[in-house]
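Worksheet: the structure to be examined is printed underneath.
These numbers were taken from a predicted model, which means no experiment stands behind them. What you see below is based on every heavy atom in this structure, not just the backbone, and it leaves out hydrogens, waters and symmetry mates. Convention: sequence-line order gives letters A, B, ...; per-chain numbering from 1.
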Amino acid sequence: MAQIDLGAISVTEANKLIRQYGEAGEDVDILNPDARHHIGVGLTHPITARVHGSAGYFCAGLTDGPKFVIENNVGWGLADNMLSGSVVVHGNAGAIAGVAIRGAEVVVHGNMGSRAGQVMKEGTLCCRGNANFMAGYMMYGGRIIILGDSGDKVGEDVTGGSIYVAGKIQSLGSDAKVFDLPSDELDSIMEFLDRYEIPFKGTFQKIQNSGKGLRYSKIEPRVRNIPFYTFSGESDYWNQKVQEDIHVKAQIGRYRIRGYGAARPLPHLGDIAFRKDLTSAGSDSGVLDRVNLATEVGGKNGADPLKLSMPLLIAPMSYGALSKSTKVALATASRLSGIAENTGEGGMSDEQREEADQLVYQCLSGRLGWNIHDMQRANGLEIYISQGAKPGLGGQLMAKKVTKEIARIRGIPEGIDLRSPSRHPDVLGADDLVIKVEEFREATGYTIPVSVKLGAGRVRDDIKIAMKDGFDYVQLDGLQGSTGAAGNEVLEYVGIPTISAIQEALDALAEIDCSGQLQIILMGGVKDGVDAAKAIALGADAVAVGTGAIIAGGCIACMQCHVGTCVVGIATQDPEHEKRYNTAVEARNMHRYFESIRWQMAAIADAHGYTDIQQLGRGDLVALTPEVAEITGLPYEPGYRNTQPVAAE
Amino acid sequence: MCGIAGILFKGDHRNLTTGQALINMLDGCQHRGPDSTGFALYRDANEDELRLRFLVGHGAEAEQSVESIKGKLAEYGADIISEEAIGATYCFVVRYDGDVQKFSYAMENVAKLVSIGESLDIIKDIGGAHDVDDIYDVHSFNGSHGIGHVRLATESDVKPESAHPFWATGFADVSIVHNGQITNYWKMRRRLEKRGFEFHTDNDSELVAVYLAEKLKQGATLKEALKGSIDDLDGTFSFLVSTKDEIGYAKDRLAAKPMVKFEDDDIIAIASEEVSLNKLFPGMALNTMEPPPGTYETWHR
Ligand SMILES: Cc1cc2nc3c(=O)[nH]c(=O)nc-3n(C[C@H](O)[C@H](O)[C@H](O)COP(=O)(O)O)c2cc1C
């Protein structure tokens, strides 16, 4: 049995050793833990690790297979996302014990803090003492066994799985209900307790979802389907789209859920022009040889950066919202163009991993499809806080798209209207977030960049937090950003425009003397290389495209994304619809679209006489409207609005 | 955006000064807030003596500040017993027996007043617990109790005056450290302002301090004041409050912010994370507990 003394070495060194012992199949004793965070994180071998004392946050988190024994207490996030194996804690556990577990067995001999088992999917969380407030909050599956009492709101917003309480139930959460306990379930509990040598006599009350709130009672009707292009760009009061919204509401009695982004006119990159006369830009085909576009992203803290052939990424879009074929086509296109693809919410597929050379893996609040193995094979890890289409809200995936396969990957019940949580269980402030980021780094040996995706709301504060919490780069998404499904009013009115977002981000970094120290990837309505070049000139380090990529890959904006009956097989999980999608052809189409962006960026830089795209700067830009001048601080020069460019003076 | 810690000695100090205990605890959770660190330290009070600590900066600016403070002190008939410049601060001990609220509002208007009290002394500056200790010699401070804070600055700048703890502006000897965010800040502040209370920052921790101090002034016990705060304040919070003789905590109903407590016959120690408590007892397995949501508790020295 090997020994590790945390009084003598750091947790990072210890975790490296623990993983080495894991590979060698040797058990470890961990001395002087003194409640330090991240002990044992990232371990994927079935060894036993015994912690002689208390452990801090995320003990045994992001693991698969090991056995942990902790002799005293543990902090927040015990066994976070543990896939298999077991953890036995002899003292108390802090908040969110067993958060997001997917098969592990977790036993706490003392009491558990609040929100135990939040968003857990599979496995058993057992507490001999009392469980605090909101045990089983938003759980999707598995079971929680509480031998003592349960606090307020047990089973709040539970979707799947069962909570068994032997003691008093202080109160039930919304959507939770007490059911009779079948004898085979009691037998199974007793077998579990025997196995962990927990003596118990008595019985349980069983709590599950009441079966009422898992689906919207009415879904959006099939309307005439005005395509997105028809309903955007017009006045934002009485137009065809407003009329359609009202028709929908008249049928379903609530806000309308739809895909795409804000449809009303907003200040955007089109309101900015280059000072330089660019009429001759691109007449020369040799620009690609003359302008450097290669960009590295995410290396600032020593992780292996993404190596992009140009400052362009594919925006995170979930497998779930999109079909597997579409995700594979995006991955292929990213490889062909030498850029990075992003899983979005809902996990990574093998096919996607194989196709993409560089793949960023996104972690959302519901931890849907999140696991240590895919983390370790990713090229980037990303914590999603929000997106421009719906800042502050969780994802939505309507029942028709929650197929057996999607439910399996995500670890949720099939056929529900999935509303992912709006908050991470373990990120309730910048102070918690810093510990979360560290957990990811510990689990992956500090080699993979960790980014954050931010929807544009309070960008000033958020960017400062991102900087201070040590993220390697930021993906910043403005109000124009699209989605697979969100409420219409949120899409239209929540957040700030993309150009306001980048401006606030730059101002925020300047305010804390950190200009240039945090790479920002801007997205939300970037449609071509001209927009990309303007965004970079404004101060973004790179851009990402979502909608543009999808349109290049065949989307006709029929507005059925959320329903899942996409006629071209993109935003669907229906095999009949997906059949219509020709993955190889669409991958080529997207690739050609990305190449057009490359070429335009190079041509614009070249026309300015630059040899590197990053030489573009704010001095090269003017604002065409007073509003955009006010937002960006660029000079207001309406003369440039003329189609005939004024000659440069 | 921060970490908090507090300690009250009921008996044996176990070879730790109050200052050193707080330094150790705050060092243990410095990851929660690397930008600034602060301490509210309580010593035995001398009747009619008030300690005032001001942030004055350095050089000519400081000299000018000290001059105007002295002028104001004289105007209010406060006799200076001792004075000392340390770090960016200047500390006076004065003899004063008038109305403290008026006195402190007047002092606030001539310079940045950090704390006032018969026993309270707030020391806060940018940097980590050890950085602040290097300048202010916190570790040699010994008293019955104290609370401390590490801050990650987001909404305001990294300046000593925006560091915590906060003193309850206008009320001697009441201080607070708070982790979280009060969402009905302006509503509560307006309510208190209407009743004549002044605020010197836009920080929600100052609001909590003034809120509690006002209740105490009305005759409530600290326990009653804390109970009221759980009903009246919205948002997420875990905070520690300290007065001349007592220390207490309150935790919001959503339990969104962490807090762990350890108690034995000699001490009561509370911190954001157990790792801070273990800094007091290296290598030991502690019998700790996490206070439930919506609870409060107080301890008398
Ligand atoms: C179908 C679809 C699914 C999306 N899924 C996610 C997601 O899982 N995670 C995420 O961060 N953003 C998601 N987004 C938002 C995009 O990452 C991105 O912010 C947005 O599309 C950028 O704006 P653009 O579409 O104008 O390029 C999704 C967008 C679409 C269109």
Side-chain angles (χ1 to χ4, degrees), chain A residues 5-7 31-37 51-57 70-76 90-95 110-115 130 132-134 151-153 170 423 428-435 438 458 460-470 508 511-513, chain B residues 1-4 24-25 28-35 149-159 178-181 235-238 251-262 271-295:
Chain A
D5 184 355
L6 281 175
L31 308 179
N32 294 309
D34 286 0
R36 288 182 177 85
H37 301 332
V51 179
H52 294 270
S54 295
Y57 280 34
I70 296 101
E71 291 182 351
N72 202 43
N73 305 320
V74 294
W76 281 33
H90 287 279
N92 300 324
N111 301 319
M112 297 194 296
S114 307
R115 297 180 282 121
N130 303 326
N132 222 322
F133 183 60
M134 277 201 196
D152 256 338
K153 300 197 178 176
Q170 202 163 328
R423 278 171 185 273
L428 295 159
D431 37 22
D432 303 326
L433 182 54
V434 81
I435 309 177
E438 200 69 15
R458 290 172 60 173
R460 229 185 196 80
D461 293 336
D462 291 349
I463 288 288
K464 290 179 188 173
I465 293 172
M467 179 72 209
K468 298 211 165 162
D469 279 353
E511 278 168 22
I512 54 172
D513 293 328
Chain B
M1 311 297 169
C2 62
I4 58 178
N24 292 357
M25 288 166 86
C29 64
Q30 200 85 58
H31 54 268
R32 299 184 71 89
D35 289 330
H149 186 276
V150 295
R151 172 164 185 260
L152 185 144
T154 50
E155 289 168 24
S156 52
D157 301 344
V158 182
K159 285 184 297 201
H178 160 220
N179 181 199
Q181 195 172 24
T236 60
F237 53 87
S238 277
K251 197 166 164 172
D252 71 65
R253 291 211 172 86
L254 297 174
K257 288 290 163 186
M259 182 180 268
V260 189
K261 131 190 149 183
F262 170 80
S272 293
E273 299 174 10
E274 183 154 336
V275 65
S276 288
L277 302 176
N278 247 137
K279 280 269 181 175
L280 299 175
F281 307 99
M284 268 176 64
L286 300 177
N287 184 11
T288 62
M289 75 90 89
E290 185 169 294
T295 59

Largest heavy-atom contact set with chain B, pairs under 4.5 Å, which of A:Gly94, A:Gly113, A:Gly7: A:Gly94
Contacting moiety of A:Asn132, where chain B heavy atoms sit under 4.5 Å: side chain
Among the listed options B:Pro293, B:Pro291, B:Ser276, B:Ala255, the residue most often paired with chain A at heavy-atom distances under 4.5 Å: B:Pro293
Donor-acceptor contact present, side-chain A:Asn92 to main-chain B:Thr288, <3.5 Å: yes
Flag for A:His37-B:Glu273: side-chain donor and acceptor within less than 3.5 Å: yes
Most contacts with chain A, counted as non-hydrogen pairs under 4.5 angstrom, among B:Ala285, B:Cys29, B:Gly294: B:Ala285
Proximity breakdown for B:Glu274 and chain A, heavy-atom pairs closer than 4.5 Å: both
B:Leu277 versus chain A, the contacting section by heavy-atom distance below 4.5 Å: neither
Gap between atom CG of A:Asn111 and atom CD of B:Glu290 - 0.5 Å precision: 10.0 Å
Neighbour count above 12 (heavy atom, 6.0 Å) for B:Asn287 CG: no
Residue part contacting chain B, namely of A:Asp469, when any heavy atom lies under 4.5 Å: side chain
For A:Ser54, the option from B:Leu286, B:Asn278, B:Val260, B:Val275 that meets side chain to side chain contact (heavy atoms under 4.5 Å, CB included): B:Asn278
Region of A:Arg460 in contact with chain B, defined by heavy-atom distances below 4.5 Å: neither
Spacing of A:Asn73 atom CG and B:Met289 atom CE [to the nearest 0.5 Å]: 11.0 Å
A:Asp432 side chain reached by B:Lys257 side chain, heavy atoms, under 4.5 Å: yes
Interface moiety of A:Leu433 toward chain B, non-hydrogen atoms closer than 4.5 Å: neither
Stepwise salt bridge (charged side-chain N to carboxylate O under 4.0 Å, His left out) check, B:Arg253 with A:Asp152: CA-CA 10 Å; B:Arg253 291 211 172 86; A:Asp152 256 338; over 6 Å; no
Minimal non-hydrogen separation, A:Asp34 against B:Met284, with atom names: OD1-N, 4.0 Å
Point-to-point distance, once rounded to the nearest 0.5 Å, from CG of B:Leu254 to CZ of A:Arg115: 9.0 Å
Rounded distance (nearest 0.5 Å) linking atom OG1 of B:Thr236 with atom CG of A:Leu428: 7.5 Å
Contact summary for B:Leu152 and A:Ala430, nearest pair of heavy atoms: CD2-CB, 3.8 Å
Minimum heavy-atom distance between B:Arg32 and A:Tyr57, given as atom pair plus value: NH1-OH, 3.6 Å
